Amino acid sequence: QVQLAESGGGLVQAGGSLRVSCAVSGGPLSEYSFGWFRRAPGKETDFVAAISWRSGGTYVGSPVQDRFTISRDSAKNTIDLQMTNLKPEDSAAYYCAASSRGVVAGLEAMYDYWGQGTQVTVSS
């Protein structure tokens with residue numbers, strides 16, 4: 001079992017950048033893959049990006065592929081999402097999730113553990 005805690009959300013102007021982090025504990029982490037999802041009010045949860053802790057392999061959703069980067073920091077035990085050229089439509093609650101299946105996937109149902117989320121708001 002893993003525990004997840006997001007941080008780093010906030011208010012940013014369109015075109016700006018923001019980095020959100022997910023502190024992970026428990027594990028062993030090498031058996032898990034991790035993902036970022038987001039949910040805007042009244043909308044479904046969307047996949048953002050995922051990463052394998054063991055290999056570092058990543059998968060980034062097409063809507064953000066050229067703007068967002070996911071990475072892991074083994075020293076800090078964090079999963080980081082670097083967001084650039086932010087747009088108002090990126091505004092959402094961002095959630096970190098962990099999958100015990102160890103596969104890098106974009107399906108919400110593949111993830112077993114979830115954080116509480118961090119809010120990102122992009123003003124126009």
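Small disclaimer: the values here were computed from a predicted structure and weren't measured.
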Evaluate the side-chain proximity of [Y] to [X]: yes if any heavy-atom separation is below 4.5 Å, no if none is.
X: D112; Y: Q1; value: no
X: I70; Y: T58; value: yes
X: F68; Y: W36; value: no
X: S52; Y: Y59; value: no
X: S33; Y: W53; value: no
X: V122; Y: V120; value: yes
X: P63; Y: K87; value: no
X: F34; Y: L29; value: yes

Working to the nearest 0.5 Å, report the span between [atom1] of [X] and [atom2] of [Y].
X: Q3; Y: C96; atom1: CD; atom2: SG; result: 12.0 Å
X: S17; Y: N85; atom1: OG; atom2: CG; result: 8.0 Å
X: R39; Y: D46; atom1: CZ; atom2: CG; result: 10.0 Å
X: T78; Y: D73; atom1: OG1; atom2: CG; result: 4.5 Å

Closest heavy-atom contact between [X] and [Y]?
X: V20; Y: G9; result: CG1-N, 3.8 Å
X: S71; Y: R19; result: OG-NH2, 3.9 Å
X: Y113; Y: L4; result: O-CD1, 3.3 Å
X: V104; Y: I51; result: CG2-C, 3.9 Å
X: P88; Y: S124; result: CG-CB, 3.8 Å

Hydrophobic cluster identity match, [X] and [Y], side-chain contacts under 4.5 Å:
X: V103; Y: L107; value: yes
X: V48; Y: W114; value: no
X: V64; Y: L86; value: yes

Y95 and E108: CA distance, side-chain angles, deciding distance, side chain to side chain contact (heavy atoms under 4.5 Å, CB included) verdict | CA-CA 11 Å; Y95 296 90; E108 186 179 354; over 6 Å; no

Can you tell me if Q82 and T69 form a side-chain donor-acceptor pair at under 3.5 Å?
->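 Distance-only check fails for Q82 and T69.
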
Would you please classify the geometry between the F37 ring and the Y111 ring as parallel, tilted or perpendicular, with 30° and 60° separating the classes?
->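 Rings of Y111 and F37: perpendicular, as their planes differ by over 60°.
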
For residues 24-71, pull every pair meeting disulfide (SG to SG under 2.5 Å), keeping only residues two or more places apart or in separate chains.
-> none

Would the distance check show the side chain of [X] and the main-chain N or O of [Y] forming a donor-acceptor pair, the cut-off being under 3.5 Å?
X: S99; Y: M110; result: yes
X: E6; Y: Q116; result: yes
X: T118; Y: S7; result: no

Step by step, would you call R38 with D90 a side chain to side chain contact (heavy atoms under 4.5 Å, CB included)?
-> CA-CA 9 Å; R38 65 186 183 184; D90 294 318; 2.9 Å; yes

Check the surroundings of atom CZ in R54: do more than 12 heavy atoms from other residues, nucleotides or ligands lie under 6.0 Å from it?
-> no

